[in-house]
Novice: 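Here it is, the structure in full.
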Amino acid sequence: MNLHNLRIDYQAKPLNKQDMNSNPLLEFEKWFQQVLNNKVIDANAFTLCTVNEFNKPSCRVVLLKELSHYGFVFYTNYESRKAKEMEENNHVSAVFLWKELSRQVRIEGIVQKINDEDSDEYFESRPRESQIGAWASPQSSIIHNRPVLESRIEFYTAKFKNTPIPRPTYWGGYIIKPNLIEFWQGQPSRLHDRIQYELIDGVWQTNRLAP
């Protein structure tokens with residue numbers, strides 16, 4: 001399959017470093033609000049990349065659920081593959097792609113669990129079906145077929161009938177505390193704008209990178 005001619009020549013407004021916030025988390029918040037204003041589908045989806053004890057990387061798409069002054073929060077099963085890899089190696093990377101705006105944000109940082117109280121609060125806000133799913137799915141484990149999963153859903157639906165559903169102890173949140181964030185804006189002729197923030201001795205240093 002020859003894909004040589006599969007290309008888009010981006011025509012977005014250029015990025016100027018002097019117009020960007022000195023704090024990349026505040027700049028990300030500004031970009032994310034623009035994404036929401038443009039009604040981008042799955043605006044909070046990002047690719048999370050982890051590395052296991054054998055230095056083998058793996059990536060998957062997860063959902064951002066909170067942006068704080070400290071970093072990026074998402075939730076998952078603590079017994080999943082990504083959780084086990086984050087336990088072994090807490091260095092992760094993440095990529096947000098908003099193709100409708102010809103924009104991308106790349107993040108590198110350290111990941112850690114958030115406290116139980118915040119995980120409880122978020123779990124309580126989830127739709128009941130999603131709460132059941134957290135109990136029913138042994139995430140990343142091999143199952144024989146889909147009926148196995150459906151039977152587990154039926155079991156936990158009956159178990160928690162007419163009662164509040166507690167958060168499983170094996171499910172909760174993580175925060176990525178960034179030490180590098182790169183903002184990418186597509187430009188014509190592949191001469192894209194790349195503005196990188198790097199945390200050095202507690203201070204964000206900003207530089208423009210060649211495309």
Side-chain angles (χ1 to χ4, degrees), residues 8-50 59-76 82 86 91-115 117-127 129-131 172-188 190-200 202-211:
I8 295 175
D9 204 26
Y10 302 108
Q11 301 293 329
K13 181 181 177 181
L15 286 184
N16 293 311
K17 189 173 74 170
Q18 61 269 27
D19 295 332
M20 301 178 72
N21 199 293
S22 60
N23 184 327
L25 289 166
L26 295 179
E27 183 66 22
F28 182 92
E29 185 176 359
K30 182 178 73 176
W31 275 39
F32 196 77
Q33 188 58 57
Q34 292 170 353
V35 170
L36 295 178
N37 292 344
N38 281 274
K39 302 186 185 306
V40 172
I41 296 174
D42 289 332
N44 61 331
F46 69 96
T47 301
L48 172 70
C49 296
T50 56
C59 301
R60 75 290 291 160
V61 176
V62 298
L63 298 177
L64 178 70
K65 288 300 180 179
E66 182 183 345
L67 175 65
S68 75
H69 294 299
Y70 303 102
F72 306 84
V73 177
F74 64 97
Y75 294 83
T76 191
K82 58 182 170 294
M86 290 187 294
H91 293 267
V92 299
S93 62
V95 179
F96 288 84
L97 173 64
W98 301 304
K99 60 182 181 179
E100 295 88 343
L101 301 182
S102 306
R103 284 184 165 183
Q104 173 181 277
V105 177
R106 189 173 65 85
I107 299 159
E108 297 176 8
I110 302 298
V111 68
Q112 64 184 53
K113 288 180 180 179
I114 65 173
N115 62 55
E117 292 76 13
D118 288 342
S119 289
D120 288 339
E121 182 178 353
Y122 173 69
F123 188 82
E124 290 172 6
S125 74
R126 301 184 88 205
E129 293 78 7
S130 297
Q131 294 177 336
Y174 288 91
I175 183 169
I176 303 172
K177 294 185 175 181
N179 50 48
L180 186 147
I181 302 181
E182 178 191 322
F183 294 85
W184 180 98
Q185 177 72 72
Q187 293 297 317
R190 295 295 187 266
L191 299 176
H192 310 305
D193 287 323
R194 299 174 61 192
I195 306 298
Q196 176 183 278
Y197 295 73
E198 187 173 10
L199 190 62
I200 300 175
V203 179
W204 287 106
Q205 306 290 333
T206 310
N207 290 288
R208 176 178 287 272
L209 304 180

Novice: Could you tell me whether the side chains of Q33 and N37 share a donor-acceptor contact shorter than 3.5 Å?
Specialist: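 On atom types as modelled, these side chains qualify, holding a pair under 3.5 Å.
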
Novice: Between atom CG of N21 and atom CD of E29, what is the distance when rounded to the nearest 0.5 Å?
Specialist: 9.5 Å

Novice: As an exercise, state the distance from CZ of R103 to CG of D193, rounded to the nearest 0.5 Å.
Specialist: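 Between R103 CZ and D193 CG, I get 10.0 Å after rounding to 0.5 Å.
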
Novice: Between F46 and F72 (judged by ring centroids, cut-off 6.0 Å), do the two rings come close enough to count as a pair?
Specialist: no

Novice: Got more than 12 heavy atoms from elsewhere within 6.0 Å of CD1, I200?
Specialist: yes

Novice: State, to 0.1 Å, how close E182 and R194 come at their nearest heavy-atom pair, and which atoms those are.
Specialist: OE2-NE, 2.7 Å

Novice: Verify, without hydrogens or angle tests, whether N23 (side chain) and L25 (backbone) share a donor-acceptor contact under 3.5 angstrom.
Specialist: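 Yes.
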
Novice: Is there a donor-acceptor contact under 3.5 Å from the side chain of Q185 to the main chain of L101?
Specialist: yes

Novice: Would you call R126-E124 a salt bridge at under 4.0 Å N-O?
Specialist: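 E124 and R126: not salt-bridged.
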
Novice: Checking side-chain contact (heavy atoms from CB on, under 4.5 Å) for the pair Q104/F96: CA distance, chi angles, key distance, verdict?
Specialist: CA-CA 5 Å; Q104 173 181 277; F96 288 84; over 6 Å; no

Novice: So do T206 and I195 actually touch side chain to side chain, heavy atoms under 4.5 Å?
Specialist: yes

Novice: Supply the atom-to-atom distance S102 OG to K13 NZ, rounded to the nearest 0.5 angstrom.
Specialist: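 Interatomic distance, S102 OG to K13 NZ, rounded to 0.5 Å: 14.5 Å.
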
Novice: Identify the heavy atoms of A43 and V35 that sit nearest to each other, and give their distance.
Specialist: CB-CG1, 3.4 Å

Novice: If you define the side chain from C-beta out and look only at heavy atoms, does anything of P24 sit under 4.5 Å from F183?
Specialist: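 Yes; the side chains approach each other to less than 4.5 Å.
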
Novice: Looking at W184, is R106 sitting on its ring face, NZ or CZ under 6.0 Å from the six-membered ring centre and within 45 degrees of the normal?
Specialist: no

Novice: Between N115 and D118 (side chain of the first, backbone of the second, donor and acceptor by atom type, cut-off under 3.5 Å), is there such a pair?
Specialist: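 Looks like yes, one N/O pair under 3.5 Å.
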
Novice: Would you please test V111 and I175 for side-chain contact (heavy atoms from CB on, under 4.5 Å) and show each step?
Specialist: CA-CA 6 Å; V111 68; I175 183 169; over 6 Å; no

Novice: Do I176 and F74 have side chains that get closer than 4.5 Å, going by heavy atoms?
Specialist: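 In short, these two side chains touch, coming nearer than 4.5 Å.
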
Novice: Taking atom CZ of F32 and atom CG of N44, what is their separation to the nearest 0.5 Å?
Specialist: 5.0 Å

Novice: Dump the intermediate steps for side-chain contact (heavy atoms from CB on, under 4.5 Å) on K82 and V62, then the final yes or no.
Specialist: CA-CA 11 Å; K82 58 182 170 294; V62 298; 3.9 Å; yes

Novice: Heavy atoms only: give me the nearest Y10-G186 pair and the separation to one decimal.
Specialist: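 Where Y10 meets G186 most closely, the heavy atoms are CB-C, 3.4 Å.
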
Novice: Short question: side chain of S119, backbone of G173 - any donor-acceptor pair under 3.5 Å?
Specialist: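 Such a contact is found between S119 side chain and G173 backbone.
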
Novice: What heavy-atom pair brings F28 and L64 nearest, and what distance separates the two atoms?
Specialist: CE2-CD2, 4.2 Å

Novice: NE2 of H192 to CG of L209: how many Å apart, nearest 0.5 Å?
Specialist: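 So the gap between those two atoms works out to 13.0 Å.
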
Novice: Please round to the nearest 0.5 Å and tell me the distance separating atom CH2 of W204 and atom CG of L180.
Specialist: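 Answer for the CH2-CG pair, W204 versus L180, is 7.0 Å.
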
Novice: Report yes if the distance between the aromatic ring centroids of Y75 and Y174 is under 6.0 Å, otherwise no.
Specialist: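 No, they do not, as the ring centres are separated by 6.0 Å or more.
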
Novice: Write down the atom of I107, the atom of P178, and the distance for their closest heavy-atom approach.
Specialist: CG2-CB, 3.9 Å

Novice: If you count every heavy atom of other residues, nucleotides or ligands that lies below 6.0 Å from K30 atom NZ, does the total exceed 12?
Specialist: yes

Novice: Decide yes or no for R60 and T47: does some side-chain heavy atom of the first lie under 4.5 Å from some side-chain heavy atom of the second?
Specialist: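 Sidechains of T47 and R60: no contact.
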
Novice: I need the minimum non-hydrogen distance between R208 and K17, along with the two atoms involved.
Specialist: NH2-N, 4.2 Å

Novice: Under 3.5 Å, is there a donor-acceptor pair between the side chain of E198 and the main chain of I181?
Specialist: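 No: the side chain of E198 does not pair with the backbone of I181.
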
Novice: Within the supplied structure, the quantity of interest is the number of heavy atoms (other residues, nucleotides, ligands) at a distance under 6.0 Å from E100 CD; does it exceed 12?
Specialist: yes

